Amino acid sequence: MKEKIKALKEELNNVNIQDPEGLKNFCARFIGSKSVFPPLFAELVKLSQTDKKQWGPKIQELKQQAQEILKNYNESLKNKDPRFLAPTDLSLPASTQPLGGRHPLSLVQREMEKIFLKNGFSIKNGSEIETDEHNFTALNFPTDHPARDSQDTFFLSKDKNYLLRTHTSATQVRLLKKYSPPFKYIIPGRVYRNETVTSRAHCFFHQIEGINIGEGISFAHLKYVLLRFAQAFFGSKTKIRLRPSYFPFTEPSAELDISCLLCQEKGCSICKKTGWVEVGGCGMIHPRVLAQVQNASKDKTKYTGYAFGLGIERMTMLRYQIHDLRIFSANDIRFLSQFSTVHI
């Protein structure tokens, strides 16, 4: 071991790197996992404890010396590089850097928020981790409702009390319990459902929930707000229709459709030849859900309200004529770079 260390020390003391080939040979011998040092450390393990204490530090010193030689060589190259020595020509045009941009879902969400803010709504955010009480029970879901099953919901605890919210309506319950009417809020956010990922469905997506509570709020107010939103977002000629539906937390309930922008209601593959495209659900808040509103116990019939939920992915697909939902989460720079110059 003594002779090997002595020979390596002499070799390092005489190192003189002059060109890239010399640098390549130096690194092959003294730098990296295939250098002379790993075998030396392997041989050191077999020695006695006394020899380890004697020769271990010396091998480490040689390794540090090799690394220092490489560092000094790189510094010398830097000093010789004319790019670092030439004066800066201030008359040259500045080099341009490619600018990033917002994700198309973020662009559409911001536009939707601006429309609702102009209509008197405020923005509230909620947690993506919710309790069974707020996500299901308080929203009038029966105990045997299929949505409670693990096939549809991502549960986070064995007792199924904590879960990833399946809709932004969970935050609606918290607002009902916290604030006294009248109030108008939109609740944007990501939601999760245990579904097979396809071009038209995903295990996570984004919604904007809307809620308006006050005296004398009717279905006509809901229809007016949705019509104003559709025409502001898609164009003044956009039509809407409300189809009867069912949701546990609204009564009456409806599905919101807009006239197909691609075929002008003539029928195409996007609207399934109907001339209409579904974009969300809505309805008047169910009395059982509304009974949770703060101070409602004084007069349960005093307040009414409506709620709606709009899919941000669906709006984005319609806006930019995108046919595959999966591309939003694929992180494909070729797709995302198309929106780098879009500002909303």
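The shown structure was predicted, so the numbers you read here are calculated from the model rather than taken from an experiment.
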Flag if over 12 foreign heavy atoms under 6.0 Å of [atom1], [X]:
X	atom1	result
R241	CZ	yes
I123	CD1	yes
K223	NZ	no

* Can you sort out the partners of F229 under ring-ring contact (aromatic ring centres under 6.0 Å, His included), two or more places apart, ordered by chain and number? => F116, F233

* Could you walk me through whether E278 and R243 pass salt bridge (Lys or Arg N to Asp or Glu O under 4.0 Å), step by step? => CA-CA 10 Å; E278 178 186 333; R243 291 181 290 108; 3.5 Å; yes

Find out if a path of hydrophobic residues (ILVMFWY) with successive side-chain heavy-atom gaps under 4.5 Å connects [X] to [Y].
X	Y	value
V191	F328	no
L176	F247	yes
L62	L47	yes
I187	I129	no
Y224	Y185	no

* Name the orientation class of the two ring planes belonging to F37 and F30 (parallel below 30°, tilted from 30 to 60°, perpendicular beyond 60°). => tilted

* To do: Describe, in one word, how the ring planes of F141 and F136 are oriented to each other, choosing from parallel (under 30°), tilted (30 to 60°) and perpendicular (over 60°).
  => perpendicular

Looking only at the side chains, is there a donor atom on one of [X] and [Y] sitting less than 3.5 Å from an acceptor on the other?
X	Y	answer
T131	R165	no
D152	T166	no
E313	H206	yes
Q65	N13	yes
H103	S106	no
S199	H323	no
Q231	T238	no

Any sub-3.5 Å donor-acceptor pair from [X]'s side-chain atoms to [Y]'s backbone N or O?
X	Y	result
N25	E21	yes
K239	D257	no
N135	E130	no
S169	Q172	no
Q292	V289	yes
T153	R148	no
E251	P287	no
S157	Y162	yes
H145	P142	no

Student check: side-chain heavy atoms of [X] and [Y] closer than 4.5 Å:
X	Y	answer
L318	I258	yes
L8	V36	yes
H202	L325	yes
E209	T171	no
P188	E113	yes
L242	L256	yes
E68	N72	yes
D132	K160	no

* **is_close_aromatic(Y192, F205), centroid dist under 6.0 Å** => no

* Check: F249 ring centre within less than 6.0 Å of H167 ring centre -> yes

* **K4 bridged to E43 by N-O distance under 4.0 Å** => yes

* Salt bridge between E61 and K9, side-chain N to carboxylate O under 4.0 Å? -> no

* Asked: Out of curiosity, I186 CD1 to T168 OG1, how far, rounded to the nearest 0.5 Å?
  -> 10.5 Å

* Asked: Where is the tightest heavy-atom contact between T198 and R326, given as atom of each residue plus distance?
  -> O-CG, 3.3 Å

* **Members sharing V197's hydrophobic cluster (side chains within less than 4.5 Å)** => none

* Asked: With clusters built from Ile, Leu, Val, Met, Phe, Trp and Tyr whose side-chain heavy atoms come within less than 4.5 Å, directly or transitively, what are the remaining members of the cluster of Y246, listed by chain and number?
  -> none

